[in-house]
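Reading through the structure tokens given below for one structure.
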2 protein chains.
Amino acid sequence: MSIPRSCPPTDVVAADFTEQAGLFKALGDPHRLTILATLARSESDVCVCDFTAGLPLNQPTVSHHLKILRDANLVAARRRGTWVYYTLAADVRRRMGAALGSVLPKKVLV
Amino acid sequence: MSIPRSCPPTDVVAADFTEQAGLFKALGDPHRLTILATLARSESDVCVCDFTAGLPLNQPTVSHHLKILRDANLVAARRRGTWVYYTLAADVRRRMGAALGSVLPKKVLV
DNA sequence: GTGTAATATCGACGTATGTCGATACCACGT
DNA sequence: ACGTGGTATCGACATACGTCGATATTACAC
């Protein structure tokens with residue numbers, strides 16, 4: 001005799017995780033994480049020119065990554081004169097914690 | 001007179017976030033998050049057949065997503081007879097917290 | 001061994017993503 | 001007005017990704 005299939009079958013969670021996946025996708029590039037880490041550690045907002053100078057990427061590519069972070073509401077841009085400065089969104093950690101919590105319920109915390 | 005550039009310039013963080021980005025990338029698909037959420041809520045391990053039955057995906061696609069989660073060490077597979085059962089890796093939440101913390105330092109917690 | 005059922009792998013396809021050069025836009029100094 | 005310099009957008013390219021049908025693999029029942 002063989003091993004029977006586990007009974008009863010498990011129901012797949014019905015919730016839609018499209019939004020959370022979009023958040024994680026925005027975090028799924030090392031250069032974007034570098035940008036976020038820099039913003040998180042900076043006392044003030046950070047000039048785009050610092051990113052183009054400090055990252056091994058051309059200026060359009062930096063701008064592209066900043067746009068992805070903007071679209072995900074992870075950063076905010078503000079123009080002062082010729083330069084544009086970026087800041088980390090205030091609720092980044094809260095949103096990430098919420099996304100994580102919606103996937104892994106409290107039970108897993110223990 | 002114009003507004004001068006912020007001085008001194010901010011140094012871009014030197015750390016390499018390739019590993020953390022790989023983790024977030026594995027989480028960047030709604031179906032994979034559904035799989036993880038199901039595993040996190042299940043009392044026991046979950047049969048692959050429950051995923052193929054419960055997800056709007058064909059069997060090869062389900063297997064593909066499970067492989068990505070396996071390669072990211074987010075889940076573990078175990079064969080019992082004909083069926084294969086998956087469990088959530090024990091340190092998933094710890095690893096995600098660590099990745100998040102390496103990008104956003106404690107300071108942002110407040 | 002043969003047949004059947006569950007899972008994994010392979011090959012192909014369309015689309016999304018990261019990157020860059022060229023260009024447009026915008027603010028400033030002259 | 002004109003030129004200059006910082007930033008954003010556009011178009012193109014190579015690669016990666018999500019999906020599927022076909023096939024291979026594994027374990028069981030007969």
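Residue numbers begin at 1 in each chain, while the letters A, B, ... track the order of the sequences. The shown structure was predicted, so the numbers you read here are calculated from the model rather than taken from an experiment.
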Partner residues of [X] under the side-chain contact (heavy atoms from CB on, under 4.5 Å) criterion, sequence neighbours left out:
X     : answer
B:A37 : A:V13, A:F17, A:V103, B:R41
B:D50 : A:R5, A:P9, A:T10, B:V46, B:C47
A:A76 : A:T87
B:A77 : B:R70, B:V84, B:Y86

Are any of [X]'s side-chain N or O atoms less than 4.0 Å away from OP1 or OP2 of [N]?
X     : N      : answer
A:R80 : C:dC26 : no
B:R32 : D:dC17 : no
B:Y86 : C:dA6  : no

Residues which pass side chain to side chain donor-acceptor pair (under 3.5 Å) with B:H31, listed by chain and number, not counting sequence neighbours: none
Just to verify, what does B:D71 make a side chain to side chain donor-acceptor pair (under 3.5 Å) with, not counting sequence neighbours? B:K67
Distance-only, no hydrogens or angles: does the B:S42 side chain make a donor-acceptor pair with backbone N or O of B:L39 under 3.5 Å?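 Answer holds: no.
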Within the side chain of B:T38, is there an N or O that forms a donor-acceptor pair under 3.5 Å with the backbone of B:T34?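 Side chain of B:T38 to backbone of B:T34: a pair is present.
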In whole Å, what is the span from the [atom1] atom of [X] to the [atom2] atom of [N]?
X     : N      : atom1 : atom2 : answer
B:I68 : D:dT19 : CD1   : P     : 9 Å
A:D71 : C:dT17 : CG    : P     : 11 Å
B:Y85 : C:dA6  : OH    : C1'   : 10 Å

For nucleotides 1-6 of chain D, give me one character per nucleotide, 5' to 3': B if any protein heavy atom sits under 4.0 Å from the base, S if the only such contacts are to the sugar-phosphate, - if neither. -----S
Give me each pair satisfying side chain to side chain donor-acceptor pair (under 3.5 Å) with a member in residues 94-103 of chain A, each pair once, sequence neighbours excluded. A:Q20-A:S102, A:D91-A:R94
Provide the closest heavy-atom pair for A:V12 versus B:G54 in the form atom of the first, atom of the second, distance. CG2-CA, 3.9 Å
Residues A:A89 and A:N73: closest non-hydrogen pair is CB-O, 3.4 Å
When rounded to the nearest 0.5 angstrom, what distance separates CE in A:M96 from CG in A:L27? 4.5 Å
Tell me the salt bridge (Lys or Arg N to Asp or Glu O under 4.0 Å) pairs involving residues 16-32 of chain B, sequence neighbours left out? none
Any residue in residues 22-29 of chain B with a heavy atom nearer than 4.0 angstrom to DNA chain D? Just list them by number, or reply none.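 Of all residues in residues 22-29 of chain B, the ones placing a heavy atom under 4.0 Å from DNA chain D are B:K25, B:D29.
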When you measure from every atom of DNA chain C, which of residues 51-66 of chain B have a heavy atom less than 4.0 Å away?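 Correct list: B:Q59, B:P60, B:S63.
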What does the inter-axis angle of the helix from C:dG1-D:dC30 to C:dT30-D:dA1 come out as, five pairs per end, nearest 10 degrees?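 Computed angle between terminal axes is 10°.
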